[in-house]
Amino acid sequence: MSDQLVIRRRRKRMSEINVVPYIDVMLVLLIIFMVTAPLMNLGVEVELPTGQAGPLSDRGDPLMVTVLASGDLYLDTGDAPELVDGETLVETVSAIVARNPELQVTVSGDRHTDYQHIYGAMVLLQRAGVPAVGLVGDPEED
């Protein structure tokens, strides 16, 4: 009789799982992600020119080339933007466009950069086989 009581007590302890600490950890992680997600800088900071252009048709995420005021080129393939030189830009974009010929490619140039740097980036994209390039700007404020 006493052996049966001991077995019952053991089974009762085994069936209890305390999930409160797991829920606490999950809520803390959720709060951390909610706070840090808006702080993540996903692109290169440039001061874009303004204009009254309409938006592009949405055909997925475009491949973005950013031209800084200094003329440095950054290529954003969806991961973190990378500083690239002209030849690397042509090789990388050629490989991407060969796999996806319908890919949209945009150039966002700082408003203080020389036109020569933006034109140079567009020429490099043309050498990479990109059929059309879009320019990115900010809408005018009223």
Side-chain angles (χ1 to χ4, degrees), residues 1-114 117-142:
M1 184 75 174
S2 65
D3 289 338
Q4 291 178 347
L5 288 175
V6 171
I7 292 174
R8 287 185 183 167
R9 287 184 186 161
R10 287 184 185 166
R11 287 185 182 169
K12 188 174 182 180
R13 274 197 238 155
M14 296 285 289
S15 65
E16 292 180 12
I17 297 175
N18 188 2
V19 295
V20 173
Y22 299 116
I23 293 172
D24 290 344
V25 169
M26 183 192 69
L27 290 175
V28 168
L29 289 175
L30 179 65
I31 290 171
I32 289 171
F33 288 128
M34 289 174 60
V35 169
T36 59
L39 301 177
M40 294 177 61
N41 187 4
L42 299 177
V44 178
E45 187 80 23
V46 291
E47 192 174 341
L48 294 172
T50 59
Q52 294 182 348
L56 293 173
S57 61
D58 188 17
R59 292 187 300 179
D61 291 333
L63 184 71
M64 183 169 290
V65 176
T66 304
V67 182
L68 298 184
S70 62
D72 291 337
L73 299 171
Y74 281 83
L75 177 62
D76 187 358
T77 59
D79 300 328
E82 296 178 20
L83 177 65
V84 294
D85 60 2
E87 291 304 315
T88 305
L89 178 70
V90 170
E91 291 172 6
T92 306
V93 172
S94 295
I96 293 171
V97 169
R99 287 183 294 177
N100 185 5
E102 299 295 320
L103 181 70
Q104 288 182 332
V105 179
T106 59
V107 174
S108 61
D110 192 288
R111 74 171 65 181
H112 302 294
T113 188
D114 291 337
H117 295 306
I118 295 173
Y119 181 75
M122 295 176 73
V123 168
L124 291 172
L125 291 172
Q126 187 181 34
R127 281 183 33 206
V130 175
V133 176
L135 296 175
V136 178
D138 284 333
E140 286 183 336
E141 295 180 16
D142 295 328

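Hydrogens, waters and symmetry mates play no part in the numbers below; they use all other heavy atoms, side chains included.
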> Are Val65 and Leu89 packed together at the side-chain level, in the sense that at least one heavy-atom pair is separated by less than 4.5 angstrom?
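Side chain of Val65 against side chain of Leu89, heavy atoms only: contact under 4.5 Å found.
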
> Could you pull out the closest heavy-atom pair between Ala121 and Leu73, with the gap in Å?
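Taking every non-hydrogen atom into account, CB-CD2, 3.9 Å.
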
> With Val107 as reference, evaluate Val133, Leu124, Val130 under the side chain to side chain contact (heavy atoms under 4.5 Å, CB included) test and give the passing residue.
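Going through Val133, Leu124, Val130 one by one, the side chain to side chain contact (heavy atoms under 4.5 Å, CB included) with Val107 is satisfied by Val133 alone.
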
> Any side-chain heavy atom of Leu63 within less than 4.5 Å of one from Leu75?
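Yes, at least one pair of side-chain atoms sits under 4.5 Å.
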
> Does some side-chain heavy atom of Leu30 sit less than 4.5 Å from a side-chain heavy atom of Met26?
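Answer no - side chains too far apart.
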
> Of all residues at least two apart in sequence or in a different chain, which pass the side chain to side chain contact (heavy atoms under 4.5 Å, CB included) check with Ile23?
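Residues passing side chain to side chain contact (heavy atoms under 4.5 Å, CB included) with Ile23: Val19, Leu27.
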
> Any side chain to side chain donor-acceptor pair (under 3.5 Å) involving residues 63-74? Give me the pairs, sequence neighbours left out, ordered by first then second residue.
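Applying side chain to side chain donor-acceptor pair (under 3.5 Å) to every pair that reaches into residues 63-74, excluding sequence neighbours, yields Thr66-Ser108, Ser70-Asp72.
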
> Please name all residues satisfying side chain to side chain contact (heavy atoms under 4.5 Å, CB included) with Ile31, sequence neighbours left out, ordered by chain then number.
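Per chain and number, Ile31 pairs via side chain to side chain contact (heavy atoms under 4.5 Å, CB included) with Val35.
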
> Strictly distance-based, threshold 3.5 Å: is any side-chain N or O of Thr113 a donor or acceptor partner for the main-chain N or O of Leu68?
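Yes, Thr113 side chain to Leu68 backbone: donor-acceptor pair under 3.5 Å.
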
> Please list, chain by chain and in numerical order, all residues satisfying side chain to side chain contact (heavy atoms under 4.5 Å, CB included) with Ile32, sequence neighbours excluded.
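Side chain to side chain contact (heavy atoms under 4.5 Å, CB included) check on Ile32 returns Val28, Thr36.
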
> Give, for atom CG of Leu135 and atom OG1 of Thr106, the distance between the pair rounded to the nearest 0.5 Å.
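Result: 8.5 Å between the selected atoms.
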
> Please enumerate all residues that pass side chain to side chain contact (heavy atoms under 4.5 Å, CB included) together with Asp24, with sequence neighbours excluded.
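With sequence neighbours excluded, Asp24 shows a side chain to side chain contact (heavy atoms under 4.5 Å, CB included) to Val20, given in chain and number order.
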
> Quick one: salt bridge (Lys or Arg N to Asp or Glu O under 4.0 Å) pairs with a partner in residues 122-134, sequence neighbours left out?
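Applying salt bridge (Lys or Arg N to Asp or Glu O under 4.0 Å) to every pair that reaches into residues 122-134, excluding sequence neighbours, yields Glu87-Arg127.
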
> How long is the span from the CZ atom in Arg111 to the CG atom in Asp138, to the nearest 0.5 Å?
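Result: 7.0 Å between the selected atoms.
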
> Looking at OG1 of Thr88 and CD of Glu82, how far apart are the two atoms once the value is rounded to the nearest 0.5 Å?
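Going from the OG1 atom of Thr88 to the CD atom of Glu82 covers 9.5 Å.
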
> Can you name the closest pair of heavy atoms from Val97 and Gly129 and give their distance?
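Scanning both residues, the minimum pair turns out to be CG1-O, 3.8 Å.
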
> Test Leu103 against Ile96 for side chain to side chain contact (heavy atoms under 4.5 Å, CB included), laying out the working first.
CA-CA 8 Å; Leu103 181 70; Ile96 293 171; 3.5 Å; yes

> Looking only at atom types and distance, does a side-chain atom of Asp114 sit under 3.5 Å from a main-chain N or O of His117, one as donor and one as acceptor?
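Not a single qualifying donor-acceptor pair exists.
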
